[in-house]
Every structure is written in C-alpha cells, then in structure tokens.
Amino acid sequence: MIDVVGFLISWLTLLGIYAILALTLNFESGTSGVTNFGKVFFYGLGAYVGATLTVYLFLLLNGVDVSKTPPYDVSGIVLLGELAGKNPALNLGLLALSLATAFLVAGVIGYLLSYPIIRVGPAFVGFTLLSTGELFRIFLQHYEPVGGSRGLMSIPGPFSWVPQPRLREVLFLALVLAVLAATYLVMDRLTNSPLGRTLRAVRDDEVAALCMGKHVPKLKATVLFIGSGFSGVAGVLLAYYLTSVNPDMFVPAVTFNVWAMIILGGMGNLRGALLGASIFTFIDRALSFVTPQLGVTVISPDYVRGFAVGLVMVLVLLYRPQGLLPEGRVETVAWEELGGGASG
Amino acid sequence: MLPGYPYSILNFFQYTFFYILFSIPLTLSYRNTKVINFAHANFISYGIYTAVFLNGLLGNTSLALACLAAFAVGGSIALVNHLLVFRPLEKRGASMSLIMIASMGLWIMYNYALYMLADIAHYYTLKNFISYGRIVYADVPEVELLGLRLQQSFVAGGLAALVLVASLYLFLEKTTLGKAMRAVADNPVLAEISGIPRNTIVNLTWLIAGGAAAVGGAIWTSFSGTVTPTSADAMILQVFTVSFIGGLVSLLRTGLGAVAIAFIENVGIAALNTYFGVPISFRPFLTFVTLLTILIAFPPLGAAGGLPFRFRSRKVRAE
C-alpha cells in the first residue's frame, strides 16, 4: 500500500526547501544577472551553521561538557537523542536562533565574497562561487569539530517534543511553508520595487546601468547578501528535516538541480521558480519511492535522473529560453491603477 | 634544498605538463569562439575514459593509440557541442551567460552519460570502471635522468605538452590559417568582413581544443593511481585558474599560469607541510587563494563580459 499522505508530506517539505533556493537563485540570476553557480555553498553553510549551533548549544544548555562528550561522538549522538524531547522551549529557541544566525552568516559571507567578483564577467563570478562550494566541502571533510566526513547526526528538531510522528511532520511542513511564504513575499516585493527594476537594468546591460549612475557593484553585493541569507535559512530547514548533515550532501549537483528548476520554470519569474521546484522535487520523490521496487538494474536510476537534469537545461535553453512561465512585466502601483494589471 | 625534493620538483614538472595540456585548449577555445565552456572538464574525462575503455575492453597497451583515439573522441564531442548547442544559441543572439549556463547543462549530461557507460561496461565485463587503476603502457619508456626515474606519464606528458606548444606556435605564427585564427580572436566581425571563413576557423578551434584536452586526459591514466568519472571535475579549479591567469585570451600567459599553479601546488604545499604541518590535501586552497588574489589584484577587466574598468575613485589632479 502506498502511503499517499506520507508521500505528500515529504514532497511538500522538500519542495518548500528547494523552492526557497529556486526563488533566491531566480532573484540573483534571473532578475539581477549574478551567475551564482555556488548556490550549494550558501545552502551548506546555513545547514552547517544551524546544525553546529543546535547540537553544541543543546548539549551545553543541558549541562553536558562538550569537551568530554562532543556531539559528533557516539556518546554525544546518543545523548542528543535522549534529551531531544525534554524541553520544547529550548528546541524552539534554538530553531529561532539557528535561523537568524544562518541568515546572517550566509548573508555576510555572500556579501564579502562579492568583493573579488563584482568587477569581472559572469564566467569568473560563476566559477569562483562554484569552487568556493567545492573547497567548503573539502574543508568540512577535514574539520573535526563538525564531525569531519561523517558530519553531524541526531540534530534535535524544533518539534521533537511532539509524541506523534505524523503530527511532528505536519508541524515541520507548516514551518517550512511559512518560511517559503515569507521568502516569496520578500522576493515578490523586491522584484517589483525600484530596486528590482534597477537590477533588471544591470542584468540587461551593466555598462549602461553604470552610465545611468547606478552603483553596480553595491547592487550586486546587496543581491548576494539577500539571496545567500535566504539560502542559509533553507539550509537550516534541511538540517532539521534530515536531522543530520554531512559534506557529501552539498555537492555541485545540488546547484545544478536548482538551476534546472529556474530554467525550466522561467528565469525572472517567481511563479516559474515555484513551478520548476515542484516539478523537479516531485520527480525526485517519485523516483525515490519507485527505485526500490525496480530491483537491480544495469544503469542506476540516479544517473538517468542526473542526465535528465542536464538535458532539460540544454533543451529548454535551445527551444524555449523563456521557460514555462516567461518573465512578466514589473508590477508598479501606477500600472495597477491604470487597470493594466488585470489584463496583463 | 627545496622541501619535498625530489618528488615535489618532479611533480611540479609533471603538473606543468598537464596544466598546459588542459588549460591552453580552454584559453584557445574562449578567445576564438567567445564561449565560456564549463563542459571543458568533459573533454578531459572523455579522454581519460577513452584510454580506460580501450585498455579494459580491448586490452590496448599503446599510449600513442589511446592518445589518437582520445583526440578523435574529444574533438568530436567539442564539435558536436558547438554545432548542436552553441551555434544555434549564438545565432539566436543569446547572451554570454546563457551560453555558459547551457555549457553547464552539457557538463552534467556528459558526466552522467559517462557513469552510465561505465555501468554498462561493468555489466558486460564485470570489471570496475567507476574506479580504474593506473594503466601501464608498453610503448612509452621510463627514463633515468640524474639518478631520478621519470615515469611514463612524465615522458609522455612532456612530449605532448611540447608538441602542443610548438605546433600551436608554428600554426598561429607561420601559417595563413593560423593568422586567420588570430584575426578571428582579435575581432570576429572585422575578420568576417575581410573574407575569413569564420565558421571553419571556429570548427577547427573546437576540434583542436577538445582533442588536445582529451589527449591530456589519456596521458593522465598513466599518472593517476585511480581514475573515476569525476577525476577531471576535481581538476577544474586548477585548469580554470590557469586560464584565468591568462585572462582567457593570452596563450603565453596561460602557459606561465600553468607553471605558476603547478609550482604553488607542489612546491608550495610541500613547504607549508614541512614547516607548518599543513595537510597535503589542502593544496586546492592555495590555488583558490591565488584565484581570489588574481581577481582582486589583477581583475581580467573587459574579458568575458566584465566591466571594462576598475572601481577606484581616482581624483583627477589639476595640472
């Protein structure tokens, strides 16, 4: 018997997390023309900041000496599991703290990282961010306080004090969807604001925007701050959802997935990003439900899926570059007053 | 005496040869076609796997044959990419970023296609192609020089790098077609107006770029302990950094970049390891720091669509 509700919950949770990434990438790359090939870096950074903060503070506040029982150790993991459901206020407090810290850390690092790359072309920007992500992964693999290549496990989720597993999942889903809604609102307001219009100008012609007196580097740095901050938040949600993080979760393939989502959905269109995220995460979930039933196959379904991601990117760019939902016009107040919003 | 001698020095030369073989084609392809090709790593990995499949499926032990086959495979992949993806996009007037994103899509496709090929080959032969050991070739000698044993990959890599550099120099400086190629690199529109067959030049560029990088990949199989379908991806930081040192336009500076990065990665990390105990696995960080330094101190302005000036408030002095 297929667990339809379970499938829906897991799909929507994953969709929520990926949609945040897709929305922010759409803002960075679709609206502002910052070719961010290092999405996974900020995502992973957020996940690790959230996870590390949670496990260490959780143990410390429960009176455990982390220098003797570090959270990445077996004894630490067992202890985390035992203490997880004891104190709801602590769990929720750590959630709020992690979200805020991850937003700030990822955002500030995104802002700083923009310094070497704001003056050079898209190739340099994309490549530098891509390799930052890879180096971050190498660093994590060798850095023992965050568990090295094993990563951190048994991260106490915000709702682990709820006894019923199904209710816990639903509550977490609600949290993810709330964050997604907030992200959508912020991105929607930003794209339709004067800032959003300036960013489109920068995307279409940097030199022209510069000549019109727009401070292009500052704008790009701002974009990276906002986009990276929200990606960090998505990372925290992922860490809580899976209750574990390890370096191999943050490979460049994650970035390509998000790129494929916004290309299929339509660059520069927020609803397109949501649509693209829904399609890809649905296929992802469906495959993970179907794959065990296939048994042993010559070719791993994972490879076929990865191949399809690349193929979709190339085909959409070749035959439908605007994506499923083309970029619409900017909704200004004046436009709405003219009544054009209804027909357009 | 330099730290890590003699291995750090031998590796320095070895990596210089490889970076020349990998990065000069990248610079060449960008300056002639204006396509930022993220799928460049595929040329290398397909070169590697051409040699691996020839060895594992057909029992080939000739590196010369493997290199020839790799050239054909890499060159044709590059041509197919150009004809089916890059040219249609260019014709439609797609922006440089869009073409770059398409090349990233191609990169993913080829990568997973290689995994699938390795899976299929494994199914039929029961050999492990996902992680393939070093290949010993029969037609390349190992050379003793000053008491040091130079591996097969050293001899072959040195020879191939020399051939690539010499033939490119002779081709670009001495032949009419080569001069036409330089003209296309300098100003495609003007070159076309002057009657230079730009399409032919671009096709030829892709053939050379893909082929030469793949030859480097084939030689890599005689050097690396194990090769995997992601071996080439692990090198793109170095390969792109070397090309970025050349500003994606200058072949000479790309060659110098290859020397510099090979030096930093081998002698530099050996020194840091000896004196400060930095683990060897941190060598990519040195390259990354170099990359950031170049971007901050000598940004390749105007190249690849960047802003054509630096942001620095210079006060105009009243004379």
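Naming: A, B, ... by sequence-line order, numbering from 1 per chain. Predicted model only: the values in this text are computed from it and were never measured.
Within the 4.5 angstrom heavy-atom criterion, atoms from both the backbone and the side chain of A/T132 approach chain B. At a 4.5 Å heavy-atom cutoff, the contact between A/I117 and chain B is made by side-chain atoms alone. Using a 4.5 Å cut-off between heavy atoms, A/L130 contacts chain B through its side chain alone, with no backbone atom that close. Residue B/L291 touches chain A through its side chain alone, counting heavy-atom pairs closer than 4.5 Å. When heavy atoms are compared at a cutoff of 4.5 Å, A/T128 approaches chain B by way of both its backbone and its side chain. Using a 4.5 Å cut-off between heavy atoms, A/A260 does not touch chain B at all.
Centroid-to-centroid, the aromatic rings of A/F250 and A/Y43 come within less than 6.0 Å. Taking the six-membered ring for Trp and the full ring otherwise, the centers of A/F127 and A/F37 sit at least 6.0 Å from each other. B/F288 and B/F285 have their aromatic ring centers separated by at least 6.0 angstrom. Residues B/Y132 and B/F129 place their aromatic rings such that the two centres sit under 6.0 Å apart. Separation of the B/F43 and B/F22 ring centroids does not fall under the 6.0 Å cut-off.
Ranked by heavy-atom pairs under 4.5 Å with chain A, the first of B/D233, B/I99, B/I120 is B/I120. Considering only heavy-atom pairs separated by less than 4.5 Å from chain B, the leading option among A/A308, A/G33, A/G310 is A/G310. With chain B as the partner, the residue from A/L135, A/I299, A/I138, A/V309 showing the most heavy-atom pairs under 4.5 Å is A/L135. With chain A as the partner, the residue from B/T293, B/L84, B/I101 showing the most heavy-atom pairs under 4.5 Å is B/I101.
Checking each of A/F42, A/F41, A/Y143 against A/F136 for a ring pair (Phe, Tyr, Trp, His ring centres under 6.0 Å) leaves exactly one that passes, namely A/F41.
Using a 4.0 Å cut-off between a side-chain N of Lys or Arg and a carboxylate O of Asp or Glu, A/R203 and A/E28 do not qualify as a salt bridge.
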